Amino acid sequence: MKSFASLLTAAALGAAMLLSPGVAHAAAQNYVALGDSYASGVGTRTYIESSGSCQRSTKAYAYVDAARIGANLTFVACSGARVADVTANQLSSVTSSTNIVSVQVGGNDAGFSSVITECAKPSWLGDCSSAVANANAIINNTLPGRLNSLYSSIRSRASSAKVVVVGYPRLFNGTDCNAGTFFSPDEMTKLNATADLLNSKVSAAASSAGFTFVNPTSKFMGHSVCGSPEWVNGLSNPVSESYHPNVSGQAAYADLVQPAL
C-alpha cells in the first residue's frame, strides 16, 4: 500500500502537469470564409435561413472543414459576390485575431452566369464565342489587379493568418445531357479553357501574395456536369442551383481545402 507521503507527491505532480503550459489545450483557431456562391454553398439546396440571399450552407466546404479542425468559423461568403463585394461587405470580418482565411472569388467578375446562359442557347439564338471572349478579356486585363488589391487588404488585416485561395472546376466533361441546354462540344471546350484561364490568374495573384492556391481541376475530372457521379449541377430548378457544386462537390472541395488550412 502506498504511503501518505507518496500519495501527496503524486498529487503534486498531477497538479503541476495540469498547470504546465506544455500540456494545455491550444485555443481554437479563428477561421474566416470569404467568397462567392461557390464558397457559400449554392448548389447544395440547403441553406442557413438567417443567411438570406447569400445562401450559405452547412454543406459548404468551409463549414465542413471548420468542424473537422475545430475552428471558430465566421462564414461571410455570399452568392453573387464579386471582388468589390468581398472588399465592401466581407473583408471587415478579417481581423488581427484571424488565424485562417479562405477566399474564393473572381467568377462573377468575369460574368460567369451570363456567359453560361448565353452559351446554353441554341447557336442561332446565342453568341457564345463573343461572351467567352469578353470574359477572357476581363480575366486577363481586369481581374488580376482586383485580386492583388483584395489579397493585399487581407494580408494587411491579418498579417500572420494562413490564407488559402480556392479555384474553380471545369464545368463540362464533353457531354451535354440536359434537356433545355444546347452546349456544343466546341463551346464546352471553350468554357473549360476559360475556367483554366481563370484559375491561372487567381493562382498567380495568390502566389504573388504568398498565399496557398487550391486547384480543384484534377479532382473534379469525370465529375462535372453529366459526370458519373455528378459533382456539379447541370440545368436545375431553381435555375440558381445550376452549374454549382452539389453536396458531393462541396465534400470534394472540403477534402481538397482541409490540408491547406
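Note that the structure is a prediction, hence the values are computed from the model and not measured.
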Please round to the nearest 0.5 Å and tell me the distance separating atom [atom1] of [X] and atom [atom2] of [Y].
X: His244; Y: Ile116; atom1: NE2; atom2: CD1; result: 10.0 Å
X: Leu150; Y: Asp85; atom1: CG; atom2: CG; result: 11.0 Å
X: Lys201; Y: Asp109; atom1: NZ; atom2: CG; result: 15.0 Å
X: Thr87; Y: Arg82; atom1: OG1; atom2: CZ; result: 13.0 Å
X: Asn99; Y: Gln29; atom1: CG; atom2: CD; result: 5.0 Å

Measure the shortest side-chain to side-chain distance between [X] and [Y] over non-hydrogen atoms and say whether it is less than 4.5 angstrom.
X: Leu191; Y: Val115; value: yes
X: Ser40; Y: Cys54; value: no
X: Val101; Y: Val164; value: no
X: Phe220; Y: Asn215; value: no
X: Thr95; Y: Val32; value: no
X: Val64; Y: Lys59; value: no
X: Arg157; Y: Thr98; value: no
X: Val83; Y: Leu147; value: yes

Donor-acceptor check, side chain of [X] to backbone of [Y], threshold 3.5 angstrom: yes or no?
X: Ser51; Y: Arg56; result: yes
X: His223; Y: Pro229; result: yes
X: Ser156; Y: Ser153; result: yes
X: Asn141; Y: Ile138; result: no
X: Thr189; Y: Pro185; result: yes
X: Thr117; Y: Ser113; result: yes
X: Arg155; Y: Ala158; result: yes
X: Ser200; Y: Leu197; result: yes
X: Asn72; Y: Tyr31; result: no
X: Asn30; Y: Leu73; result: no

Compute whether any side-chain donor of one residue and acceptor of the other, for [X] and [Y], lie under 3.5 angstrom apart.
X: Asp186; Y: Ser184; result: no
X: Ser79; Y: Ser37; result: no
X: Thr46; Y: Thr44; result: no
X: Tyr168; Y: Asp36; result: yes

Where [X] and [Y] come nearest, the two heavy atoms and their spacing:
X: Gly35; Y: Ala39; value: CA-CB, 4.0 Å
X: Gly41; Y: Ser57; value: O-CB, 4.0 Å
X: Ala195; Y: Pro169; value: CB-O, 3.8 Å
X: Ile139; Y: Ala110; value: CG1-CB, 3.7 Å
X: Leu171; Y: Ser224; value: O-CB, 3.1 Å
X: Ala81; Y: Gln90; value: CB-NE2, 3.7 Å

For residues 120-137, run the donor-acceptor check on the side chains, cut-off 3.5 Å, and write out each pair with its distance to 0.1 Å, sequence neighbours left out.
{"residue": "Lys121", "atom": "NZ", "partner": "Glu118", "partner atom": "OE1", "Å": "3.2"}
{"residue": "Asp127", "atom": "OD1", "partner": "Ser130", "partner atom": "N", "Å": "3.2"}
{"residue": "Asp127", "atom": "OD1", "partner": "Ser130", "partner atom": "OG", "Å": "3.3"}
{"residue": "Asp127", "atom": "OD2", "partner": "Ser130", "partner atom": "OG", "Å": "2.7"}
{"residue": "Ser129", "atom": "OG", "partner": "Lys190", "partner atom": "NZ", "Å": "2.9"}
{"residue": "Asn134", "atom": "ND2", "partner": "Ser130", "partner atom": "O", "Å": "3.3"}
{"residue": "Asn136", "atom": "OD1", "partner": "Thr194", "partner atom": "OG1", "Å": "3.0"}

If the condition is ring-ring contact (aromatic ring centres under 6.0 Å, His included), which residues does Tyr63 pass it with, not counting sequence neighbours?
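Here no residue qualifies.
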Next on the checklist: For a side-chain contact (heavy atoms from CB on, under 4.5 Å) check, start with the C-alpha distance between Asn173 and Val225, then their side-chain angles and the critical distance, and finish with the verdict.
Outcome noted: CA-CA 7 Å; Asn173 292 303; Val225 175; 5.9 Å; no
Review point. Tracing side-chain links under 4.5 Å among I, L, V, M, F, W and Y, which residues wind up in one group with Val42?
Key: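 Its cluster mates, by chain and number, are Tyr47.
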Intermediate values then yes/no, side-chain contact (heavy atoms from CB on, under 4.5 Å), Thr58 and Ile48
CA-CA 7 Å; Thr58 58; Ile48 301 166; 3.9 Å; yes
Practice problem: Show your working on side-chain contact (heavy atoms from CB on, under 4.5 Å) between Val163 and Thr212 and close with a plain yes or no. | Solution: CA-CA 6 Å; Val163 183; Thr212 299; over 6 Å; no
Step by step, would you call Tyr151 with Val165 a side-chain contact (heavy atoms from CB on, under 4.5 Å)?
CA-CA 9 Å; Tyr151 296 168; Val165 177; 3.2 Å; yes
(message) Membership question, hydrophobic clusters at under 4.5 Å side-chain separation (ILVMFWY): are Phe213 and Leu143 in the same one?
(response)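 Yes; Phe213 is reachable from Leu143 via cluster members.
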field: Cluster check Ile69, Val214: I/L/V/M/F/W/Y, side chain < 4.5 angstrom
entry: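 Yes, because Ile69 and Val214 connect within a single hydrophobic cluster, where side-chain heavy atoms sit under 4.5 Å apart.
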Please list every donor-acceptor pair under 3.5 Å in which a side-chain atom of residues 231-239 meets a protein atom from a residue at least two apart or in another chain.
{"residue": "Asn233", "atom": "ND2", "partner": "Gly43", "partner atom": "O", "Å": "3.0"}
{"residue": "Asn233", "atom": "ND2", "partner": "Glu241", "partner atom": "O", "Å": "3.0"}
{"residue": "Ser236", "atom": "OG", "partner": "Gly234", "partner atom": "O", "Å": "2.8"}

For residues 247-261, tabulate all N or O donor-acceptor pairs below 3.5 Å that involve a side-chain atom, not counting sequence neighbours.
{"residue": "Gln250", "atom": "OE1", "partner": "Tyr61", "partner atom": "N", "Å": "2.8"}
{"residue": "Gln250", "atom": "NE2", "partner": "Tyr38", "partner atom": "O", "Å": "2.9"}
{"residue": "Tyr253", "atom": "OH", "partner": "Gln104", "partner atom": "NE2", "Å": "3.3"}
{"residue": "Tyr253", "atom": "OH", "partner": "Gly167", "partner atom": "O", "Å": "2.7"}
{"residue": "Asp255", "atom": "OD1", "partner": "Arg68", "partner atom": "NH1", "Å": "3.1"}
{"residue": "Asp255", "atom": "OD1", "partner": "Arg68", "partner atom": "NH2", "Å": "3.0"}
{"residue": "Gln258", "atom": "OE1", "partner": "Arg68", "partner atom": "NH1", "Å": "3.0"}

Does anything in residues 200-252 form a disulfide (SG to SG under 2.5 Å)? List the pairs, not counting sequence neighbours.
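For residues 200-252, and leaving out neighbouring residues, the disulfide (SG to SG under 2.5 Å) pairs sorted by first residue read Cys177-Cys226.
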